[in-house]
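Down below is the structure, laid out as structure tokens.
Below, all heavy atoms of this structure are taken into account, side chains as well, without hydrogens, waters or symmetry copies. Source: prediction; values computed, not measured.
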Amino acid sequence: MNHIIKAFAVSFILIFSISINILKAEPININTATAAEITKNLRGIGPAKAAAIVLFREKNGEFSKPEDLLNISGIGAKTLENIKPDLIFNETPDPDPKK
């Protein structure tokens with residue numbers, strides 16, 4: 001019985017922690033964000049992909065639309081759909097990120 005209670009408690013804490021991290025994320029301007037900001041605010045983007053985004057931007061110029069991120073190794077359609085609502089390309093978030 002103690003094992004069940006412990007497992008439940010650990011599961012609850014883990015889910016709560018993940019929920020807090022998701023709630024803290026803010027939309028970011030992908031054209032001005034640092035790799036650290038990208039990692040912090042875009043679900044599923046770790047330090048390596050964030051660094052690749054910044055490097056690509058520095059070499060090729062600003063991103064103009066979400067699909068531009070598909071040119072980065074490791075970012076596919078599914079990742080793009082997950083992060084699209086959190087991307088800003090100008091100063092304001094896109095009111096319809098499903099475009």
Across all chains, not counting sequence neighbours, the side-chain contact (heavy atoms from CB on, under 4.5 Å) partners of Glu37 are Ala33, Thr34, Asn41
CA sep, side-chain torsions, deciding dist, call: Phe89, Asn29, side-chain contact (heavy atoms from CB on, under 4.5 Å): CA-CA 5 Å; Phe89 292 88; Asn29 187 327; 5.7 Å; no
Selection residues 28-53 - residue pairs positive for ring pair (Phe, Tyr, Trp, His ring centres under 6.0 Å), sequence neighbours left out: none
Can a salt bridge be assigned to the pair Glu81 and Lys78 using a cut-off of 4.0 Å between side-chain N and carboxylate O? no
Is there a side-chain contact (heavy atoms from CB on, under 4.5 Å) between Ile53 and Ile75? Walk through the geometry before answering. CA-CA 9 Å; Ile53 290 169; Ile75 297 181; 3.8 Å; yes
Answer whether the closest heavy-atom distance between the side chains of Asp86 and Ile28 falls below 4.5 Å. no
For Ala52, the side-chain contact (heavy atoms from CB on, under 4.5 Å) test, sequence neighbours excluded, returns Ile72
Per the ring pair (Phe, Tyr, Trp, His ring centres under 6.0 Å) rule, what does the pair list look like for residues 29-55, sequence neighbours excluded? none
Examine Leu87 and Leu70 and state if one hydrophobic cluster contains both, with Ile, Leu, Val, Met, Phe, Trp and Tyr joined whenever side-chain heavy atoms are less than 4.5 Å apart. yes
All heavy atoms of Leu80 vs all of Glu67, minimum pair found to be CD2-CA, 3.9 Å
Closest non-hydrogen contact found for Ala35 with Ala50 is O-CB, 3.3 Å
Applying the side chain to side chain contact (heavy atoms under 4.5 Å, CB included) test to Ile30, which of Leu42, Val54, Ile83 qualifies? Leu42
Pairs where residues 61-88 contributes a residue and the test ring pair (Phe, Tyr, Trp, His ring centres under 6.0 Å) is met, not counting sequence neighbours: Phe56-Phe63
Could you note down all residue pairs passing side chain to side chain donor-acceptor pair (under 3.5 Å) where residues 49-65 supplies at least one of them, sequence neighbours left out? Ser64-Asp68, Lys65-Asp68
